[in-house]
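Have a look at the structure below before the remarks.
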Amino acid sequence: MLIEEIRELISGRLRKDKKLGITQVPDFSLEVCPAEIEGDISTNIAFIMAKQLKVSPPKAGKLIIDTIQNNKTTGEIIQKIELAGKGFINFFITNEKLYKELLEICRKENDYGKQDIGKGKKIQIEFVSANPTGPLHIGHGRGAAIGDSLARILDSVGYDVKKEYYINNRGKQIDLLGESVKARYKELHGEKIEFPDDGYKGEYIKSIADEILDDIKGKEGTQFFKEFAINHILGWIKRDLRDFDVEYDRWFVESDLYKQNEVENMIEELKGRDFIYEENNALWFKSTAFGDEKDRVVVRSDKQPTYLASDITYHYDKFNRGFDKLIDIWGADHHGYVKRVQASIEAMGYSPEALKIILYQLVSLSRAGKPQPMSTRSGEFVTLKEVIDEVGKDACRFFFLIRGANSHLDFDLELAKKQSPDNPVYYVQYAHARICSIFKEAEKSGYRLRTEDSNVDLGLLKESEELNLIKKLAYFPELIALSVRTYDPHWVTSYVQELAKIFHNYYQKHRVITENKDLIFARLFLLQAVKIILRKSLYLIGVNAPERM
RNA sequence: GCGCCUGUAGCUCAGUCGGAUAGAGCAUCUGCCUUCUAAGCAGAGGGUCGGGGGUUCGAAUCCCUCCGGGCGCGCCA
């Protein structure tokens with residue numbers, strides 16, 4: 001935590017200095033310097049404190065620098081402090097501090113930079129949760145990639161994370177699914193049928209019907225077809241997610257909420273809290289009390305609970321299971337739903353922060369520039385399985401996480417296929433494979449690195465490319481903290497590309513296996529650290545780190 | 001009509017709490033393999049950050065307004 005160390009150093013020194021007369025140090029930024037700026041870490045503190053000190057930013061900067069400099073702790077971490085431009089303060093990190101970080105990476109490996117941000121808090125993350133009315137399509141893939149990576153990241157900083165998939169197995173959509181399969185079954189057996197107007201028209205419905213054995217006497221009701229279809233489709237969904245390296249802790253079945261009268265209990269509870277009232281023979285949830293634009297029906301006048309009733313109950317069920325925090329990952333087309341679910345959390349007395357809903361913009365799909373429709377109902381869609389089969393799991397996951405959740409993702413299938421050898425995922429994986437290859441070569445020549453050996457002279461790593469690499473590696477803990485703070489895995493994807501770039505550049509300029517034995521070991525040590533961070537980063541976004549390509 | 005998201009290089013997009021000369025990949029052009037993997041490296045060109053106004057030491061970022069794109073607005077799920 002290089003940046004945090006410097007932050008504490010600055011505020012500590014400023015507080016102690018009586019001359020300045022500061023009681024409280026304001027918030028200030030501390031970031032990695034842009035490439036064209038001389039220096040490693042920069043801060044804007046001079047701008048912020050200028051007013052307080054009643055001087056111009058450059059003068060404030062001078063005062064601050066004077067206060068920090070000439071101190072033993074400062075000297076160990078910071079080699080030089082410079083005032084730049086209109087008031088930025090730039091710090092130069094000592095090589096000794098960088099070597100120390102390097103040592104720590106190799107010693108702690110996967111635990112390097114481990115921060116206990118989560119403190120064992122129970123957090124549940126629910127994602128994909130597509131209705132089992134058809135195979136997963138490419139949009140679900142984005143939700144899966146975001147949810148699973150976020151879970152990995154949160155898990156790595158000390159949260160107790162559980163991943164869950166919510167299965168909607170009741171309601172109109174499911175009835176329609178049953179009707180659709182039933183119709184196709186009859187059709188296959190020579191009966192003339194009228195296919196339901198709004199039924200599911202995809203070819204996959206026929207394939208399900210085709211799986212049904214001929215002998216279904218006594219099971220002609222829609223119920224049989226419904227269950228058969230759900231089970232069949234869930235089988236596909238589970239298989240596709242497994243192929244995508246997504247493992248769930250629990251598959252929660254909606255109808256279970258009704259077995260224990262949980263929905264009735266929810267309604268009674270909210271009635272008691274005066275958030276449910278009756279009007280026109282229906283029960284309404286008073287979501288307007290929490291900023292929703294209108295109240296919402298939870299039980300229709302025909303006594304059927306709505307989808308929202310299940311959803312509210314499901315969230316209560318999660319809290320009752322002891323989770324401190326819930327994360328839902330939804331496609332942006334559900335954004336109209338956010339307010340009412342959020343309202344239900346507050347109605348029950350939970351803090352609004354206890355539920356975080358992450359919306360991801362839908363993936364628009366095109367094939368050679370031609371937009372493709374993506375409706376499950378019409379049956380025209382590209383499945384997640386097709387995409388995984390075509391571009392591979394790694395490229396697919398990487399691609400989904402290369403942008404923030406809020407940006408529209410345009411996925412051109414032809415382009416994705418054509419680009420696959422140039423895909424950035426290979427660039428990163430290649431860096432890892434290259435490092436592995438160097439280690440193999442080194443071993444052939446009898447150089448076998450043992451990181452626990454303390455006689456490797458890291459001081460030999462003097463090239464600017466080497467120091468740059470270490471600085472990038474030392475940023476890893478901050479990167480994780482950033483990803484956690486913003487609930488956004490895409491930072492990891494950007495980082496790992498930058499790290500790979502710095503490595504490839506280094507590889508091109510400097511040879512590891514040379515005549516100088518001490519230098520070989522120092523460089524192997526550095527590469528070992530790069531390998532550890534590459535692997536860890538790739539793991540967090542669910543991408544493999546191959547030893548050979 | 002109302003609400004959410006969005007507009008940055010030819011294309012696809014990054015840009016953390018408002019920071020320095022706005023970045024990356026692709027595409028285009030120019031160099032680099034007798035040496036640890038060329039799925040690589042180095043370099044070049046390419047910008048009124050949708051338009052206008054405001055806030056301030058400083059705005060792609062915050063506020064107002066206009067224009068464009070996506071999505072959502074049921075006693076559907």
Side-chain angles (χ1 to χ4, degrees), chain A residues 27-31 33-37 42-44 46-48 50-51 56-58 84-88 90 131 133 168 170-174 176 279-284 293-294 296-302 304 306-308 310-311 331-339 359-362 364 402-412 415 419-427 429-431 433-442 444-445 478-479 481-483 485-486 488 490-491 493-494 497-498 500-501 503-514 520 523 527 548-549:
Chain A
D27 280 348
F28 56 92
S29 81
L30 215 45
E31 50 195 55
C33 284
E36 63 280 2
I37 300 293
S42 94
T43 178
N44 66 347
F47 292 105
I48 291 167
K51 264 187 199 153
S56 66
K86 303 160 197 157
F88 284 97
N90 296 330
N131 288 354
T133 51
N168 295 115
R170 52 193 304 287
K172 232 182 214 174
Q173 304 265 20
I174 298 296
L176 209 50
E279 193 176 288
N280 299 335
N281 284 326
L283 292 182
W284 296 72
E293 55 197 29
K294 54 180 286 193
R296 309 292 173 176
V297 171
V298 280
V299 178
R300 303 191 309 232
S301 53
D302 64 3
Q304 280 300 308
T306 61
Y307 186 89
L308 178 63
S310 294
D311 243 4
D333 53 338
H334 290 83
H335 78 254
Y337 218 71
V338 172
K339 273 259 171 67
L359 297 177
Y360 62 91
Q361 297 299 316
L362 295 189
S364 56
I402 211 161
R403 310 285 178 229
N406 252 339
S407 61
H408 300 262
L409 194 57
D410 181 34
F411 202 122
D412 191 308
L415 211 65
Q419 272 186 347
S420 74
D422 301 324
N423 196 304
V425 68
Y426 295 101
Y427 181 82
Q429 290 181 319
Y430 188 53
R434 266 184 157 175
I435 293 173
C436 292
S437 168
I438 293 172
F439 274 102
K440 269 175 222 143
E441 279 306 308
K444 268 189 219 163
S445 315
E478 311 287 342
L479 163 83
L482 171 66
S483 305
R485 196 164 62 239
T486 56
D488 194 345
H490 104 273
W491 298 108
T493 318
S494 312
Q497 285 179 91
E498 290 158 12
K501 188 181 172 86
F503 164 74
H504 283 308
N505 171 258
Y506 172 59
Y507 176 91
Q508 203 73 24
K509 277 194 179 160
H510 304 285
R511 285 188 59 84
V512 173
I513 299 164
T514 59
I520 292 174
R523 289 185 169 170
L527 291 195
R548 191 178 310 146
M549 289 174 75

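Each chain gets a letter, A, B and so on, in the order its sequence line appears, and its residues count up from 1.
One finds a side-chain N or O of Asn505(A) lying less than 4.0 angstrom from the OP1 or OP2 phosphate oxygen of A42(B).
Closest to the side chain of Arg434(A), out of C41(B), A39(B), A38(B), is A38(B). With C36(B), G25(B), G3(B) as the candidates, the nucleotide lying closest to the side chain of His335(A) is G3(B). Checking C36(B), C4(B), C41(B) against every side-chain atom of Glu441(A), the shortest atom distance belongs to C36(B).
By the rule that a glycosidic angle within 90° of 0 means syn, C17(B) counts as syn. With its glycosidic angle within 90° of 0, C33(B) is assigned syn.
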Query - nucleotides 6-14 of chain B: protein proximity per nucleotide (B base, S sugar-phosphate only, - neither; heavy atom, under 4.0 Å) - result: S-----BSS
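Checking His504(A), His510(A), Gln508(A), Lys509(A) one by one against Tyr506(A), the side chain to side chain contact (heavy atoms under 4.5 Å, CB included) holds for a single residue, His510(A).
Rounded to whole Å, atom P of G40(B) lies 12 Å from atom CD of Gln497(A). In this structure, Tyr507(A) places its OH atom 19 Å from P of C32(B), rounding to the nearest Å. Look at CD on Gln361(A): it is 5 Å from C1' on C5(B), rounded to the nearest Å. U35(B) atom C1' lies 15 Å from atom NE2 of His510(A), rounded to whole Å. When rounded to the nearest whole Å, the span between CG of Leu362(A) and C1' of G69(B) equals 14 Å. Rounded to a whole Å, the CZ atom of Phe47(A) is 19 Å from the P atom of C17(B). Across the protein-nucleic acid pair, Phe503(A) atom CZ and A38(B) atom C1' stand 13 Å apart, rounded to whole Å. Taking atom OH of Tyr426(A) as the reference point, atom C1' of G25(B) lies 16 Å away to the nearest angstrom.
In this structure, Tyr427(A) reaches the sugar-phosphate backbone alone: every heavy-atom distance under 4.0 Å involves primed, P, OP1 or OP2 atoms, never a base. The residue Lys501(A) sits close only to the backbone: its heavy atoms come under 4.0 Å of sugar-phosphate atoms, none of a base. Note on Lys51(A): only backbone sugar-phosphate atoms sit closer than 4.0 angstrom, heavy atoms only; bases stay farther off.
Rounded to the nearest Å, the gap between the P atom of C49(B) and that of G74(B) is 40 Å. Comparing the same atom, P, in U28(B) and in G69(B) gives a spacing of 31 Å after rounding to whole Å. On the C1' atoms, U21(B) is 30 Å away from C64(B), given to the nearest whole Å. Comparing A9(B) with U56(B), their P atoms are spaced 30 Å from each other, to the whole Å. Distance noted for atom P between G10(B) and G47(B): 6 Å (whole Å). Atom name C1', nucleotides G23(B) and U61(B): the rounded distance is 15 Å, in whole Å. Distance check on atom P: U65(B) versus A27(B) gives 43 Å, rounded to whole Å. On the C1' atoms, C26(B) is 15 Å away from A39(B), given to the nearest whole Å.
To the nearest 0.5 Å, atoms CZ (Arg434(A)) and CE (Met549(A)) are separated by 11.0 Å. Note that OH of Tyr507(A) and CG of Leu527(A) are 10.5 Å apart. Values are rounded to the nearest 0.5 Å. Here CZ of Phe88(A) is found 9.0 Å from OG1 of Thr43(A). Values are rounded to the nearest 0.5 Å. In this structure, the separation between CG on Asn90(A) and SG on Cys33(A) is 4.0 Å, given to the nearest 0.5 Å. Distance check, rounded to the nearest 0.5 Å: OH of Tyr360(A) to NE2 of His334(A) gives 8.5 Å. Atom-to-atom distance recorded for Ile520(A):CD1 and Arg511(A):CZ is 9.5 Å, nearest 0.5 angstrom.
Of the two residues contacting RNA chain B, namely Tyr430(A) and Gln508(A), the nearest-nucleotide position lying further toward the 5' end is that of Tyr430(A).
Of all heavy-atom pairs spanning Gly404(A) and Asp488(A), the tightest one is CA-OD2, 4.2 Å. Between Phe28(A) and Ile48(A), the closest heavy-atom pair is CA-CD1, 3.9 Å.
A heavy-atom distance below 4.5 Å is not found between the side chains of Ser407(A) and Gln361(A). Considering only heavy atoms from C-beta on, Ser42(A) stays 4.5 Å or farther from Ile37(A) through its side chain. Here the side chains of Thr493(A) and Gln497(A) are in contact, with some heavy-atom distance below 4.5 Å.
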Extract from the structure each pairing of a protein N or O with an N or O of nucleotides 20-22 of chain B at less than 3.5 Å, listing the distance.
from	atom 1	to	atom 2	distance (Å)
A20(B)	N6	Ser42(A)	OG	2.7
A20(B)	N6	Asn90(A)	OD1	2.9
A20(B)	N1	Asn90(A)	OD1	3.1
A20(B)	N1	Asn90(A)	ND2	3.2

Listing time: all N or O pairs from protein to nucleotides 73-77 of chain B that are below 3.5 Å?
from	atom 1	to	atom 2	distance (Å)
C75(B)	OP2	Lys294(A)	NZ	3.4
C75(B)	O2	Ser301(A)	N	2.7
C75(B)	O2	Ser301(A)	OG	2.9
C75(B)	N3	Ser301(A)	OG	3.3
C75(B)	N4	Asn280(A)	O	2.7
C76(B)	OP2	Arg300(A)	NH1	3.2
A77(B)	OP1	Arg300(A)	NH1	2.8
A77(B)	OP2	Tyr307(A)	N	3.4
A77(B)	O2'	Asn131(A)	ND2	3.2
A77(B)	O2'	Gln173(A)	NE2	3.3

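There is no side-chain donor-acceptor pair under 3.5 Å between Arg296(A) and Tyr337(A).
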Report task. Could you give me the CA-CA distance, side-chain angles and deciding distance for Glu478(A) and Trp491(A), then say whether side-chain contact (heavy atoms from CB on, under 4.5 Å) is met? Result -> CA-CA 11 Å; Glu478(A) 311 287 342; Trp491(A) 298 108; over 6 Å; no
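Contacts of Lys444(A) classified as side chain to side chain donor-acceptor pair (under 3.5 Å), with partners at least two apart in sequence or in another chain: Glu441(A). Arg300(A) pairs by the salt bridge (Lys or Arg N to Asp or Glu O under 4.0 Å) definition with Asp302(A), not counting sequence neighbours.
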Query raised in the report: What would the secondary structure line of RNA chain B be in dot-bracket form, counting Watson-Crick and G-U wobble pairs under 3.5 Å, with [ ] for pairs that cross earlier ones and | for pairs with another strand?
Result: (((((((..((((.....[...)))).(((((.......))))).....(((((..]....))))))))))))....
